[in-house]
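Encoded as structure tokens, the structure appears first; notes follow it.
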Amino acid sequence: MRYLPHSEHERADMLGVIGAADIDALFSAVPKSALKSFDLGLPAHQPEFLVEAHMRALAAKNHAAGDGPFFVGAGAYRHHVPATVDHLIQRSEWLTAYTPYQPEISQGTLQMLFEFQTQVAKIMGMDVANASLYDGSTGTAEAVLMARRLTKKHKIVLSGGLHPHYRDVVKAYLKDDPDLICLSPSPEGQGDILQQIDGNTAAIVIQTPDFYGHLRDLKSAAEAAHAQGALLIVVVTEVVSLGLLEAPGALGADIVVAEGQSIGNALNFGGPYLGLMATRKEFIRQMPGRLCGETVDADGNRGFVLTLSTREQHIRREKATSNICTNSGLCALAFSIHMGLLGEAGFVRLARLNHFNAIKLADALAGVPGVDVLNKTFFNEMTIRTPQPAAGLVERLARRCILAGVPVSRLLPGDATVENLIILAATELTTDADIAALAAALTEELA
Amino acid sequence: MRYLPHSEHERADMLGVIGAADIDALFSAVPKSALKSFDLGLPAHQPEFLVEAHMRALAAKNHAAGDGPFFVGAGAYRHHVPATVDHLIQRSEWLTAYTPYQPEISQGTLQMLFEFQTQVAKIMGMDVANASLYDGSTGTAEAVLMARRLTKKHKIVLSGGLHPHYRDVVKAYLKDDPDLICLSPSPEGQGDILQQIDGNTAAIVIQTPDFYGHLRDLKSAAEAAHAQGALLIVVVTEVVSLGLLEAPGALGADIVVAEGQSIGNALNFGGPYLGLMATRKEFIRQMPGRLCGETVDADGNRGFVLTLSTREQHIRREKATSNICTNSGLCALAFSIHMGLLGEAGFVRLARLNHFNAIKLADALAGVPGVDVLNKTFFNEMTIRTPQPAAGLVERLARRCILAGVPVSRLLPGDATVENLIILAATELTTDADIAALAAALTEELA
Amino acid sequence: MSMNTQGRPTGVGTVGTGASGSALIPDEPLLFEIGDTEHSGVDLPEVTLSNDRLGGFGRKTKLDLAGLTEPEAMRHYVRLSRMNHSIDSGMYPLGSCTMKHNPRLNEKMARLPGFSDIHPLQPVSTVQGALDMMNQLSHWLLTLTNTAAVALSPKAGAHGELLGMMAIKAAQEARGQAHRNVVLVPDSAHGTNPATAAFLGYLVKSVPAREDGTVDVEAVKAALSPDVAAIMLTNPNTCGLFEPQVIEIAKAVHDAGAFFYCDGANFNAIMGVVRPGDLGIDAMHINLHKTFSTPHGGGGPGAGPVVLSEALAPFAPVPFVRKGADGLELVEHIEGSALGRVTAFHGQMGMYVRALTYMLSHGGDGLAQAAQDAVLNANYIKARLQHIFSVPFPDYPTMHEALFDDSFLKETGVSTLDFAKALIDEGFHPMTMYFPLVVHGAMLIEPTESESKQTLDRFCAVMAELANDALAGNKERFTSAPTKAPRRRLDETRAARQPVLKWEKPADLPQAAE
Amino acid sequence: MSMNTQGRPTGVGTVGTGASGSALIPDEPLLFEIGDTEHSGVDLPEVTLSNDRLGGFGRKTKLDLAGLTEPEAMRHYVRLSRMNHSIDSGMYPLGSCTMKHNPRLNEKMARLPGFSDIHPLQPVSTVQGALDMMNQLSHWLLTLTNTAAVALSPKAGAHGELLGMMAIKAAQEARGQAHRNVVLVPDSAHGTNPATAAFLGYLVKSVPAREDGTVDVEAVKAALSPDVAAIMLTNPNTCGLFEPQVIEIAKAVHDAGAFFYCDGANFNAIMGVVRPGDLGIDAMHINLHKTFSTPHGGGGPGAGPVVLSEALAPFAPVPFVRKGADGLELVEHIEGSALGRVTAFHGQMGMYVRALTYMLSHGGDGLAQAAQDAVLNANYIKARLQHIFSVPFPDYPTMHEALFDDSFLKETGVSTLDFAKALIDEGFHPMTMYFPLVVHGAMLIEPTESESKQTLDRFCAVMAELANDALAGNKERFTSAPTKAPRRRLDETRAARQPVLKWEKPADLPQAAE
Ligand SMILES: Cc1ncc(COP(=O)(O)O)c(C=O)c1O
Ligand SMILES: Cc1ncc(COP(=O)(O)O)c(C=O)c1O
């Protein structure tokens with residue numbers, strides 16, 4: 001067994017040192033009835049090449065995004081990750097290190113986290129960012145709880161443009177909470193969230209670009225919220241949009257949560273992803289998640305440590321701001337490397353290219369007979385109304401090897417008003433040929 | 001341009017420090033007529049994802065060995081390389097280091113080479129091995145020259161079982177040398193090399209398993225050669241065979257050359273590969289290539305250095321044993337890691353499994369009507385005679401997605417006696433299903 | 001790195017001047033001190049946006065994001081990485097963390113485009129292999145635990161705890177027991193346990209441990225009341241002991257109408273050897289990033305699937321996979337489901353691939369052998385060190401980790417922390433310290449099955465030598481340690497008192513440099 | 001590592017006790033001191049060979065090969081690697097070696113199964129993409145050099161020299177000039193040049209250089225005779241200078257019936273800016289592992305394609321690719337070909353993929369910019385250091401490398417070697433030393449285009465500080481260097497006098513330990 005260093009005689013020697021008759025003697029505390037009292041019936045160990053063949057066969061049964069034209073978005077985006085990023089994150093010293101609790105021999109991870117926090121704060125226009133959360137959806141739920149702690153008020157209003165999965169996660173975290181108001185889906189970009197704000201409101205949650213691709217007005221929202229002592233939580237599922245859209249921090253956001261997958265991380269069928277969270281300086285002590293800070297060592301040299309851990313479960317236990325422990329360290333590294341490679345110039349160029357391709361896509365879709373593009377504004381994603389139910393249409397296009405986007409009904413089943421809607425995204429990887437193929441296939445399917 | 005760190009203003013600053021008006025001023029020694037006097041007409045720089053798309057499209061036009069049943073060998077073999085090997089050799093400190101001329105900061109590479117030399121010497125049963133040559137074919141030519149230097153005699157006899165490419169390389173290196181005797185191809189394993197040995201003979205060169213898969217008798221060859229003061233050079237193109245076959249050193253070989261690709265290295269369409277060379281202690285100073293040796297540092301700690309470099313071009317120039325400089329360092333590392341993972345137990349098991357699958361293949365081929373298996377002995381490779389010209393048959397099988405082996409005529413064109421011969425190999429990756437598919441297809445094609 | 005008084009670096013890659021200076025681990029400036037907003041390591045075409053669709057929401061503020069060209073980035077991240085210890089470069093005996101070997105086959109498989117380049121919302125008909133993979137992983141987890149259902153989606157252990165406790169809450173409500181607002185948690189529990197319970201609004205009530213480090217069923221009975229919704233028990237527990245009365249405890253808990261949440265972080269000790277379902281648990285998370293070798297990544301990502309008993313199975317969250325008429329179906333919504341979903345999409349696919357690859361490599365036989373080797377290694381360390389180190393709970397053989405306390409250091413002036421830092425100078429990562437809380441100055445050592453006898457021997461020799469040196473009064477070696485690492489001890493108080501959580505341009509700093 | 005008197009290690013991964021000891025770079029025993037013949041990191045089924053076909057040639061002797069399980073192997077090779085300097089971790093200014101950035105995209109592309117998992121002898125119809133790739137690479141090489149043909153197959157630069165000189169020999173024979181048995185080689189040439197010429201049986205005759213470091217056309221004319229087959233000239237030369245009279249030299253050589261072999265190892269200085277074909281060369285190898293960024297790998301593999309003039313094109317070896325009726329054809333045999341083949345199969349495919357990927361990434365414009373940046377960087381170093389260091393050839397701007405001699409150290413007792421070793425302690429890899437031979441105590445510095453201005457500034461500052469320190473009489477710092485590396489200076493004499501070239505079991509050693 002290739003992963004186990006002991007030979008049989010080493011095992012025997014060690015048992016001898018321990019003074020145990022056999023290995024079972026070390027399991028003496030286990031009730032007899034439960035110790036090795038079964039036959040697992042699982043396959044035995046296998047050579048690497050057979051395991052590889054097994055896994056390759058499974059992978060081969062999936063249609064990879066690169067296999068044809070691809071327009072699926074709705075919270076996860078296919079961008080190009082430079083080879084450098086994936087190479088670097090596989091280095092032993094990044095991949096196989098633990099959480100940097102021993103700073104003297106973890107300065108690599110710690111300095112990287114400090115750089116990551118800086119990058120995240122900068123793109124969001126906020127004072128501070130944490131060292132990552134699981135993903136955007138759980139980050140949104142954490143932000144909602146954080147807002148309650150900060151304001152000591154209860155009412156939470158979720159915009160109708162919030163990703164339905166994010167809404168569901170907040171609902172699960174706030175189970176049956178009557179103070180949680182979820183506005184109905186707003187595929188046309190309409191919104192009545194500002195009317196919902198009252199003196200009991202802890203926070204309103206607005207996603208932009210929203211689930212349907214529309215850009216939302218954060219400035220008015222911030223003003224309305226702040227007027228009532230409520231916080232504005234901004235959610236971003238496509239972090240690339242921040243290269244082209246005004247920073248939420250500059251518009252008055254109090255907490256910004258984002259899904260960071262687009263930078264540095266593959267689609268991975270939904271995970272692992274990367275939760276980003278940034279906030280105002282004065283809110284740090286209610287922030288969940290790890291924070292890395294600068295300090296000096298005994299020789300006066302600059303160094304970094306995890307800090308403010310009195311917010312965290314391993315110190316504060318039931319009084320912690322969150323129960324999160326393991327977070328998305330390596331995804332944060334991937335993000336930080338990719339963002340470090342992009343820099344301001346590259347990040348802005350990337351965002352512009354995404355928007356450019358999305359405009360081409362929108363224009364091409366608008367030209368397909370029977371198709372309406374619902375968006376007046378968008379970044380790289382938009383919603384169309386088709387004359388047919390979306391689910392079947394998308395399925396038929398998939399059979400033509402075109403992954404045409406997400407039928408809204410997949411996330412909001414049973415809602416007749418969205419049955420014919422499809423959300424489509426374009427990125428820097430979308431080619432003119434892809435768009436032409438989609439438009440042609442859609443035209444044929446709808447003919 | 002992502003690989004170039006300078007911005008335009010940095011370039012200008014640097015020219016200022018240099019005191020050059022512009023970059024062309026630094027090229028003032030170049031004749032005007034030759035400096036930038038052309039338009040290359042080459043494409044401009046491209047984003048990574050477009051380059052990747054271009055290369056993927058080229059790769060996709062090839063039939064990869066893993067795409068179907070595969071029996072091609074004849075000097076290059078498809079074995080499983082553990083993921084650990086390929087991961088490790090991509091570590092910056094291995095991949096992007098230079099030849100370890102500064103031992104204080106190259107102990108990683110040096111210790112590895114010392115271990116590699118030990119491994120190679122052990123599997124060959126020889127006293128010493130060098131730190132690699134380009135590949136087996138050039139290694140064979142180097143061995144021949146080394147034998148001449150050692151014996152101060154001239155005649156070289158190449159067995160008819162030597163890989164035709166190896167023979168061609170020796171011929172090129174020894175251009176028009178009347179003392180080079182190349183015996184005619186011996187697909188049946190026949191050999192008359194011993195009769196060729198005379199008092200003027202520097203060395204005889206015998207490959208085993210030979211090009212056609214036959215195992216050759218090294219012991220008698222060594223005795224016959226030594227009786228005349230000639231050396232026995234043994235060539236091994238399938239290094240895995242040494243797990244199951246007696247070590248050439250134990251049978252009297254004086255110089256052993258092998259192609260090491262099978263361990264740790266992919267097929268790569270023929271390169272980079274790995275030349276292994278081992279010899280007797282007393283012959284070291286005539287050996288080509290780098291050698292790594294043990295020593296101590298100023299504090300008395302064990303360390304390793306490149307040594308005996310008075311054999312080499314950078315010290316001896318026109319008196320060097322060879323002109324080789326850059327060799328196959330990283331392929332040697334891959335070999336050493338893979339061999340280190342295998343160990344004696346694994347290497348022997350691997351060789352046994354190869355032989356086991358080859359026996360199944362031979363038996364299945366023998367069962368195909370019209371096919372003769374020429375080999376009485378083999379390791380993992382064999383030659384068959386078919387009723388039809390081999391080239392066309394192999395081509396037709398390729399169209400059925402079966403890569404059925406190498407038509408001997410590909411390497412010995414125009415030789416009517418080999419026109420119907422195919423060389424086929426099995427390895428640990430050959431499955432029963434692959435063999436059945438081949439036998440069935442062959443039966444059909446020959447029906 | 002030599003620093004000016006503001007703690008800023010004075011150059012690029014200076015080799016430290018102290019004893020810790022190594023020519024091959026030079027200091028590295030911050031990304032922002034190397035790059036600027038013009039440099040970029042990504043080539044992309046410049047496009048003209050003549051008619052944008054941004055509706056006036058376009059960016060007006062600058063990002064001020066530094067970029068690096070590719071060679072600069074490569075060097076920056078390679079140099080930073082070289083300042084890290086890692087499991088690949090040395091023993092990492094962190095108790096409760098299961099820092100085992102991370103096979104690279106797993107990494108390779110996770111990167112097959114058929115797994116890494118598929119979207120969570122592309123048509124289910126186009127991801128049948130992914131669903132099959134999830135099904136196979138589920139089968140292994142269910143078989144190894146002998147439980148009824150598994151929810152794959154939690155993102156890490158603590159997230160699994162959350163899901164499990166949510167399911168318990170929902171089940172209690174379904175039984176009309178919504179008033180149950182207490183969760184029992186032993187003091188030895190990991191911080192995530194009480195944090196999770198509190199996160200869901202439960203009151204946390206502690207259960208005392210016995211002298212021998214295990215939980216007394218009688219103490220549990222005494223603590224159980226009609227207000228108790230569940231107990232959260234770690235087994236093997238955080239002292240490295242298997243709870244001998246776990247079956248009785250489960251029964252008592254069930255009899256009292258409560259559920260048994262088992263923290264499965266220590267499953268590595270018993271996988272393939274003991275099935276938690278046989279012990280009466282109702283929910284248990286499994287850290288794939290511990291037991292099933294998905295790499296820890298410097299702090300994640302992990303994956304914390306939760307197995308559930310028959311009683312809790314109906315309260316599993318979406319999504320899950322089931323067999324349908326046209327192949328595998330992904331169930332993403334259930335009408336009136338009590339729990340909904342705990343994360344967007346389907347969880348940590350990348351970790352599932354790695355974990356399943358690991359399981360197939362090991363096989364059922366190999367997993368059991370691994371568990372037994374993990375236990376063997378911990379007992380070997382305990383046996384070799386127990387004569388010098390103080391063992392708080394000597395009554396039972398330990399499971400996968402060996403726990404010592406600091407009483408052997410009492411007279412030395414050397415603290416557990418000092419001792420651990422001295423280990424750094426010997427090339428080892430420290431053990432877990434000061435956890436579990438139930439032991440004074442705890443040192444929790446988990447070697448895992450991945451360490452060879454040779455390494456364990458060396459580790460024990462170093463530990464013994466250090467202990468003898470501490471007892472011999474050589475306090476300075478410990479209090480000044482580490483001296484051979486890239487940094488000496490860091491000032492954590494300063495970090496917390498004057499938090500500097502992001503880089504500011506020296507010019508932007510309130511008090512400028514010098 | 002603490003050692004006994006036999007130089008054997010006393011333990012696993014001991015942290016060195018000297019100043020060079022770093023907790024993160026512990027010493028590592030030899031593979032054979034860790035593993036044994038039973039351990040294996042590869043799982044394979046045991047098969048029964050009831051009826052083997054080995055004809056009695058089966059192995060009787062033991063291999064005595066140590067094996068490691070996978071976690072042990074991972075740690076062994078990661079630890080070893082950490083003792084290496086690398087281009088990714090620091091500047092590697094080795095003159096003549098072009099240690100430039102190695103993009104990881106190239107590595108990724110080379111590993112696509114369509115390139116890495118194809119066999120050199122599978123049917124040509126199944127490898128059309130590979131042939132197309134080779135054709136595209138050839139097109140770039142021919143375009144950049146303006147030559148008539150290219151032979152891709154040489155395995156490295158020296159192998160390319162061999163091929164080129166073989167072609168020249170064949171061409172001379174074809175012209176009835178087989179008697180020409182002299183090759184002219186300047187003293188500044190790399191060792192492979194005279195070694196290659198001698199390998200083919202040529203007499204090597206040196207050509208003196210001028211005071212200014214370049215070759216005088218008159219000196220060449222004087223050396224040319226009816227016995228001269230060729231000149232081997234490096235351009236830019238190994239002093240970092242472009243040969244100003246190269247066109248005149250080519251003409252003189254041709255007029256005398258000889259050929260011009262150009263060593264193209266320094267092509268990085270001029271790619272996209274000067275086409276060697278325009279200068280009159282007949283053959284030139286191009287080190288893909290220098291100019292076109294394929295990684296050096298600690299000593300290879302490389303690739304040394306050779307471009308050929310019209311005159312030599314007919315003497316190119318097999319194999320080559322050409323357009324045929326059914327797509328691309330691989331020509332593996334030519335009836336009566338003068339040269340045959342210089343290696344089995346088709347050369348370094350893996351390197352071709354990397355080089356073409358690099359070319360496409362850079363584009364024609366990027367390659368020219370890279371060459372100019374390489375030259376800019378070398379001149380910048382020269383400009384910043386020329387006031388302290390001694391410049392042997394100040395007349396011309398340098399090309400891609402800056403050459404200094406040791407005259408500035410004359411009174412200091414510090415040698416070039418000492419100086420270089422002190423650079424190690426500052427985190428830099430030394431420059432090339434004592435080459436070219438034409439300069440006393442040469443220091444040849446090639447920064448390549450990959451180094452940023454920031455790094456160059458730091459390098460120059462360190463170089464200047466070292467020089468000043470040497471001049472200030474601080475000899476000890478240099479003669480004792482390095483002190484911060486994993487090893488102090490090694491005893492090379494001992495290594496050569498009592499060669500120990502492989503590990504022997506201590507028991508097997510003639511004189512047993514102690
Ligand atoms: C006993 C125990 N429970 C729970 C956890 C939390 O797991 P995670 O870090 O994956 O959230 C840990 C992790 O360290 C643990 O050791
Ligand atoms: C000038 C010069 N010529 C030839 C060579 C030989 O090239 P290779 O090492 O690829 O054989 C080198 C390599 O260092 C060189 O610098």
Side-chain angles (χ1 to χ4, degrees), chain A residues 5 14 18 26 29 34 40 42 44-45 51 55 58-59 61-65 72 92-93 96-97 99 104-105 107-109 118 134 137 165 172 215 266 268-272 293-295 297-298 302-303 307 313-314 317-318 320 323 326-327 329-330 341 343-346 349 356 377 398 406, chain C residues 7 37 40-42 44 47 55 57 65 67 80-81 83-88 109 112-114 116-117 119-121 123 126 129 155-156 158 191 194-196 198 204 242 244 278 297-302 340 344-346 348-350 360 363-364 366 383 397 452 485 487-488 495 500 502-503:
Chain A
M14 292 169 76
I18 296 165
L26 302 180
L40 287 171
L42 292 168
H45 66 283
V51 176
M55 297 306 290
L58 286 172
K61 290 200 294 172
N62 300 321
H63 176 113
V72 194
S92 295
E93 294 88 340
T96 78
T99 302
E104 299 88 349
I105 47 174
Q107 284 297 305
T109 298
T118 304
Y134 302 137
S137 70
H165 278 181
L215 308 185
N268 283 326
F269 200 51
E294 183 180 324
T295 186
D297 79 353
R302 178 169 73 182
T307 191
Q313 49 74 28
H314 66 286
R317 302 178 70 85
E318 66 270 24
N323 73 338
T326 295
N327 57 20
L330 203 74
L341 279 166
E344 175 142 357
R349 259 199 310 267
F356 184 75
T377 60
V406 180
Chain C
T37 55
S40 179
V42 180
L44 289 168
V47 290
F57 297 118
L65 259 189
L80 284 183
S81 77
M83 297 181 197
N84 279 355
H85 187 89
S86 71
I87 184 72
D88 282 350
M109 295 300 97
L112 293 174
S116 65
D117 194 26
H119 191 287
L121 298 178
T126 66
K155 298 269 174 180
T196 301
V204 175
F242 193 95
D278 295 345
F345 313 127
H346 329 307
Q348 307 289 68
M349 174 73 169
L360 291 168
S452 68
R487 282 289 174 281
R488 303 284 307 280
V500 179
K502 76 168 199 249
W503 179 80

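Letters A, B, ... are given to chains in the order of the sequence lines, protein chains preceding strands, and every chain is numbered from 1. Since we're looking at a predicted model, the values are computed, not measured.
Between chain C and the options A/Ile18, A/Leu215, A/Ile105, A/Val406, the largest number of non-hydrogen pairs under 4.5 Å is found for A/Ile105. Between chain A and the residues C/Val42, C/Asn84, C/Leu80, the most heavy-atom pairs under 4.5 angstrom are made by C/Asn84. In terms of non-hydrogen atom pairs under 4.5 Å with chain A, the most contact-rich of C/Gly297, C/Gly67, C/Gly364 is C/Gly297. The choice from A/Ala65, A/Ala266, A/Ala34, A/Ala320 that makes the most heavy-atom pairs within less than 4.5 Å of chain C is A/Ala65. When each of C/Ala495, C/Pro244, C/Ala383 is checked for heavy-atom pairs under 4.5 Å with chain A, C/Ala495 comes out on top. Most heavy-atom pairs under 4.5 Å with chain A, from the set C/Ala195, C/Gly302, C/Ala198: that is C/Ala195. Most heavy-atom pairs under 4.5 Å with chain C, from the set A/Thr96, A/Val72, A/Asn327: that is A/Thr96. Per-residue heavy-atom pair counts under 4.5 Å with chain C were compared for A/Leu58, A/Thr109, A/Thr377, A/Thr307, and the maximum is reached by A/Leu58. Between chain C and the options A/Lys61, A/Glu104, A/His63, the largest number of non-hydrogen pairs under 4.5 Å is found for A/Glu104. Between chain A and the residues C/Gly366, C/Pro113, C/Gly340, C/Gly363, the largest count of heavy-atom pairs under 4.5 Å involves C/Gly363. Top candidate by heavy-atom pairs under 4.5 Å with chain A, chosen from C/Gly55, C/Pro123, C/Gly129, is C/Gly129. Of the listed residues (A/Gly346, A/Gly329, A/Ala398), the one with the most heavy-atom contacts under 4.5 Å to chain C is A/Gly329.
Going from atom CG of C/Leu121 over to atom CZ of A/Phe269 covers 9.0 Å, rounded to the nearest 0.5 Å. One finds the CG atom of A/Asn323 at 3.5 Å from the OG1 atom of C/Thr196 (value rounded to the nearest 0.5 Å).
In this structure, the side chain of A/Asn268 does not engage the main chain of C/Gly350 through any donor-acceptor pair within 3.5 Å. A distance-only check finds a donor-acceptor pair linking the side chain of C/Arg487 to the backbone of A/Arg302 [under 3.5 Å]. Remark: side-chain polar atoms of A/Thr326 are not paired, donor with acceptor, to backbone N or O of C/Ala156 under 3.5 angstrom. Not a single donor-acceptor pair under 3.5 Å links the side chain of C/Ser81 to the backbone N or O of A/Glu93. Within the 3.5 Å criterion, the main-chain N or O of C/Phe345 finds a donor-acceptor partner in the side chain of A/His165.
Both the backbone and the side chain of C/Leu360 have a heavy atom closer than 4.5 Å to some heavy atom of chain A. Residue A/Ser92 touches chain C through both its backbone and its side chain, counting heavy-atom pairs closer than 4.5 Å.
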Problem set entry | Stepwise side chain to side chain contact (heavy atoms under 4.5 Å, CB included) test for C/Val204 and A/Arg317 | CA-CA 10 Å; C/Val204 175; A/Arg317 302 178 70 85; over 6 Å; no
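Residues A/Ala59 and C/Leu112 share a closest heavy-atom pair of CB-CD1, 3.9 Å. Across all non-hydrogen atoms, the minimal contact from C/Ala158 to A/Tyr134 is CB-OH, 3.7 Å. Closest approach of A/Thr118 to C/Trp503, counting heavy atoms only: OG1-N, 2.9 Å.
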